[in-house]
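What follows is a set of notes on a single structure, which appears directly below.
Count residues from 1 along the sequence. Side-chain atoms are counted along with the backbone in the values below, which use heavy atoms only and exclude waters and symmetry mates. We count ligands from 1, going down the list as the structure has it; atoms in each ligand are counted the same way.
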Amino acid sequence: MIDGLPTLDDVDYDGKSVLLRLDINAPIVNSTILDTTRFESHVPTLKDLEGSRVVILAHQSRPGKKDFTTLEIHAKVLSELLGKEVVYLDEIFSSRVIEKIRSMDVGDVILLENVRFYSEEQLKRSAEEHATSHMVKKLKDHFDLYVNDAFSACHRAHASLVGFPPVLPSVVGRLVEKEVAALSKALKSEGRKVFILGGAKIEDAVKVMKNVLTKGIAEKVVLTGVVANYFLMLSGKDIGEVNRKVVEENKEGIDDKEMLELYNKFKDKIVLPIDVGVEVDGVRKDIPLEKFDGKAKIMDIGIETISMLSEEIPKFDIAVINGPAGVFEDERFTLGTFEILKAVAKAKYSVVGGGHISTAARMTGIDKKMDHVSVAGGACIRFLSGEKLIALEVIKEYWEKKWSKVVGKKS
Ligand code: 3PG
Ligand code: MG
């Protein structure tokens with residue numbers, strides 16, 4: 001058990017039929033999967049289930065998007081990683097699928113079609129309503145166990161994520177266990193904590209900031225990226241027309257009055273950049289804020305800010321980073337993001353959120369020096385914001401009221 005969540009350690013799975021929800025949603029261009037990190041993150045669970053019959057449910061992208069496609073190439077990536085064939089079936093719960101499931105041997109792995117091809121998957125419904133969907137009704141009787149390892153999708157109340165726990169004994173997989181342990185440690189363990197929040201999506205950073213400041217979790221919150229520019233504006237700094245525009249474009253869901261109150265209340269805990277990296281005539285220039293006239297576009301935190309943070313961040317017991325400090329995709333402006341990552345890695349316990357910042361960490365290899373690199377974007381933000389992840393809550397709820405009583409626990 002972890003935080004009230006049953007894991008593979010709480011059930012017998014050898015020789016059993018397991019329905020396994022993974023998140024292998026990946027960037028795809030021209031039928032090529034560009035990043036296999038999420039596939040790799042599920043290997044520990046798949047290895048543990050080597051003595052079971054495993055049928056995988058997963059999604060790719062969303063209806064209407066360019067990379068909304070079948071899971072055929074995903075099966076190939078999984079096969080390579082596991083060193084055995086993962087059979088791809090281009091349907092989800094047809095009679096052909098049921099027939100294949102019934103004839104599986106121990107050790108077989110099947111990947112079913114993209115669950116988002118199925119029209120009931122994304123309906124706004126409760127877990128109990130999703131449990132009555134055709135997909136759940138057709139599949140449930142052919143399995144002993146449902147395992148959710150799709151941490152990065154656990155904030156979605158979709159049929160494949162919440163519909164099975166009410167009707168099938170359900171636990172979480174090894175990746176979920178690892179993510180929950182690391183992110184809980186970042187929020188709950190003893191010690192001095194710093195949160196470094198950047199990126200473009202101001203709402204994401206603010207949600208985490210609100211949680212860690214109002215609950216007294218963070219000693220300091222360092223702001224970088226567009227979110228820093230927004231708070232510089234709030235603090236009375238004129239960052240100029242071009243930069244104001246970028247802030248406005250990324251401010252969805254933000255209430256200025258509330259943010260100003262938050263800023264004033266926690267001013268002494270919020271660290272803002274003291275200089276900025278801008279582009280002037282095609283080259284990087286670092287300008288102290290008091291001399292910045294707001295004419296150039298801010299592309300990174302400045303060199304003085306970087307050196308101040310490089311000295312301070314390693315002194316913390318726990319450092320959590322989410323969102324890049326600047327436009328690191330442009331090699332002239334990688335400095336802030338890469339140097340701050342190095343500083344984070346030097347803290348006693350270091351955690352990197354999913355999304356762009358974990359891409360940056362992998363680009364430099366610094367990811368290997370971190371204690372935890374999350375594979376999740378939205379789910380990680382929600383976790384750090386103190387919100388519950390619906391798919392995990394459903395597993396907890398039904399374990400407590402139903403499955404813990406009927407499933408024989410391992411001794
Ligand atoms: C993700 O990539 O964020 C998860 O796979 C969830 O996908 P979604 O944001 O399309 O629901
Ligand atoms: Mg998402």
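No heavy atom of His158 sits closer than 4.0 Å to any atom of ligand 1. Within the 4.0 Å heavy-atom cutoff, Gln60 does not count among the residues contacting ligand 1. Assignment of Gly378 to the shell around ligand 1 is not supported, since no heavy atom sits closer than 4.0 Å.
Residue contacts with ligand 1 for Arg116 involve side-chain atoms from C-beta outward but no N, CA, C or O (heavy atoms, distance under 4.0 Å).
Remark: ligand 1 atoms within the under-4.0 Å shell around heavy atoms of Asp23 are 4 (C), 5 (O). Counting atoms of ligand 1 from 1 in the listed order, those under 4.0 Å from a heavy atom of Ser152 are 4 (C), 6 (C). Shown in contact with Arg38 at under 4.0 Å from a heavy atom are these atoms of ligand 1, numbered in order with element: 1 (C), 2 (O), 4 (C), 5 (O). Close approach of ligand 1 to His59 (heavy-atom distance below 4.0 Å) involves ligand atoms 4 (C), 5 (O), 6 (C), 7 (O). Annotation for ligand 1: atoms under 4.0 Å from non-hydrogen atoms of Asn25 are 1 (C), 2 (O), 4 (C), 5 (O), 7 (O).
With Asp300 as the partner, the salt bridge (Lys or Arg N to Asp or Glu O under 4.0 Å) test is satisfied by one option alone out of Arg284, Arg332, Lys285: Arg284. Partner of Asn229 under the side-chain contact (heavy atoms from CB on, under 4.5 Å) criterion, chosen from Leu234, Ile298, Asn250, Val246: Ile298. Considering Lys269, Arg192, Lys193 in turn, Arg192 is the only one that fulfils the side-chain hydrogen bond (donor to acceptor under 3.5 Å, both in side chains) rule with Glu219.
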What's the verdict on ring-ring contact (aromatic ring centres under 6.0 Å, His included) for Phe68 and Phe117, showing C-alpha distance, side-chain angles and the deciding distance? CA-CA 9 Å; Phe68 182 58; Phe117 281 16; 5.1 Å; yes
Show your working on ring-ring contact (aromatic ring centres under 6.0 Å, His included) between His74 and Tyr88 and close with a plain yes or no. CA-CA 9 Å; His74 300 66; Tyr88 158 73; 9.0 Å; no
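Any N or O atom pair closer than 3.5 Å counts here, and Arg62 shares at least one such pair with ligand 1. In terms of polar-atom proximity, defined here as any N/O pair under 3.5 Å, Ser61 makes no such contact with ligand 1. Among the atoms of Arg156, some N or O lies under 3.5 angstrom from an N or O of ligand 1.
Residues Asp317 and Glu190 have side chains not in contact (no heavy-atom distance under 4.5 Å, counting atoms from C-beta outward). Two residues are said to be in side-chain contact when any heavy atoms from C-beta on lie closer than 4.5 Å; Glu329 and His356 meet this criterion.
Residues Leu71 and Leu111 approach most closely at O-CD2, 3.6 Å, considering heavy atoms.
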